[in-house]
Amino acid sequence: MNELTLYNTKSGEKEVFKSLQPKKAGLYVCGITPYDEAHVGHARCYVVFDVLRRVLESLEYKVTHIQNYTDIDDKIIDRAAKLKVPPAALAEKFINSFEKYMNLLNIKPAHSYPRVTQNIPQIQDMIQALIQRGFAYVLDGSVYYAVRKFADYGQLSKRNIDELEEGARVEVDKSKKDPLDFALWKKAKEGEPSWPSPWGPGRPGWHIECSVMSTQALGPDFDIHGGGQDLIFPHHENEIAQARGATGKNFAKYWIHNGFVTINQEKMSKSLGNFFTLKDVLAKTSPMVMRYFLLSQHYRGPLNFSDQDLKAVESVWNQRICGAARIAMNFANESVGKKPLSIDLRAEYNAIVAEFFNGIYTDLNTPVALGSLNKLCSFIFELDKREGPGISRDIWDQIRKEFEEMLEILGLVVPTFSDWDPKILDLVEKREAARKNRDWILADQIRQELKSFGVVVEDSSSGPRLRKIL
Ligand SMILES: [Zn+2]
């Protein structure tokens, strides 16, 4: 019944998703280089691919999601040297931190997280195959990919190889035969981690790992490859050249890329210094508010991040969405009415649900999906006001189930409580501390978050008192 369309960077068009094997989908997403705390740009990328996975799962695909860690790289080596810690320890620390924040954002963990340092023999095998098939050459202890040998180079990023050559000439590197060529294996430098190889000690270049680890896990032909737009060139272009050169197969069928996060319309990046870490952002707002905010714009466009924009989402999530969800939950358990929905209300409800699914299955249009979710909230508030428990429990139960299904696809979780949950007590304590510090803004934010759990906090002379709403 439902068909999923996705914009494929490779064709430059929206295509109907057809998996290579029935009801199975292989998904490879480029992972992080763990040398610092994860920032909002990471959160956006991985929330987008989490929604893609949830959408596939809602269509009953069995998804295999693979995401790498580039656990050895110049940035890791430099930072580790500065901090006087081993590179492996630095990478481990930031991998743990990354996973903690991904978990808070309700991003499903990948089925496997292969690491470069655990795949050195496999990487060397692919390099060897590229040399044998005439796509790579050895030069002074390093190995390079001969870009001109791969006829389709530039197809993904729609670049012309002669124009690329012009650009590359600016920084002529004498160690390569052609300025376009890129390193598959880098000769070891003094004091840096290295591995023995048929070409002498060294370490892999950046791009080779993803060709190796994706095809290892998903086969030489697989369904979807994803990452941020900034990876289209050269990273993904190089991945294609390597994988197709070594295996002779097609590699990924669909290439999906998410847009940048911007600050004042400028790309947010570590190198520009205008970035916010998830640690900072999630100290100020709840993960679900953040996740809702990240989904508020279509994944292919830019997403401007500001405190005001985030703030604007807070009451929508905490009061509107969570409030309506709880009304539906409550009546699904408690309604004693007998009334069905009128023909008009039934038509209105069906249209809202259809709009949600059409939106999300059309290139993951989350703004449309969130719009429908908000319409559903209005519908619930109105139904509650007019009919409330007069409507039969079956109808409320259907509304609750469909509401939950929509939230599940978007990865949004309405908090629930069982008596006084430890999480709620923790928030009450934090709010008390904020009040003592006269931080009224924070105290108010926490009050709002408590409302999302269906709890109102009232201040009295003997301390805060909690009251369940509904
Ligand atoms: Zn990659």
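Everything numeric here is computed off the predicted structure, so don't read it as measured data. Values below: all heavy atoms of this structure, side chains included; hydrogens, waters and symmetry mates excluded. Order of appearance sets the numbers: ligands from 1, and atoms from 1 within every ligand.
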Please list, one pair per line, the donor and acceptor atoms closer than 3.5 Å that link side chains of residues 94-103 to other protein atoms, with sequence neighbours excluded.
{"residue": "N96", "atom": "ND2", "partner": "E92", "partner atom": "O", "Å": "3.3"}
{"residue": "S97", "atom": "OG", "partner": "E37", "partner atom": "OE1", "Å": "2.5"}
{"residue": "E99", "atom": "OE2", "partner": "Y69", "partner atom": "OH", "Å": "2.7"}

- Where the Zn ion (ligand 1) is the vertex, angle from C30 SG to C210 SG to 10°: 130°

- Query: Under 2.8 Å from the Zn ion (ligand 1), is there an N/O/S atom belonging to H236?
  - Reply: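 It does not; every qualifying atom lies at 2.8 Å or beyond.
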
- Message: Closer than 2.8 Å to the Zn ion (ligand 1): does that hold for any N, O or S atom in H207?
- Response: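 Within the cut-off used here (under 2.8 Å), H207 places no N, O or S atom near the Zn ion (ligand 1).
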
Determine all donor-acceptor pairs shorter than 3.5 Å in which one atom belongs to a side chain in residues 289-297; sequence neighbours excluded.
{"residue": "R291", "atom": "NE", "partner": "L410", "partner atom": "O", "Å": "2.9"}
{"residue": "R291", "atom": "NE", "partner": "G411", "partner atom": "O", "Å": "3.2"}
{"residue": "R291", "atom": "NH1", "partner": "D50", "partner atom": "OD2", "Å": "3.0"}
{"residue": "R291", "atom": "NH1", "partner": "L105", "partner atom": "O", "Å": "2.9"}
{"residue": "R291", "atom": "NH1", "partner": "N106", "partner atom": "O", "Å": "3.2"}
{"residue": "R291", "atom": "NH2", "partner": "D50", "partner atom": "OD2", "Å": "2.8"}
{"residue": "R291", "atom": "NH2", "partner": "L410", "partner atom": "O", "Å": "2.9"}
{"residue": "Y292", "atom": "OH", "partner": "N374", "partner atom": "ND2", "Å": "2.8"}
{"residue": "S296", "atom": "OG", "partner": "F293", "partner atom": "O", "Å": "2.6"}

- For N258 and R300, indicate whether the former's side chain and the latter's backbone hold a donor-acceptor pair under 3.5 Å. no

- Can you measure from OH (Y28) to OG1 (T215) and round to the nearest 0.5 angstrom? 9.0 Å

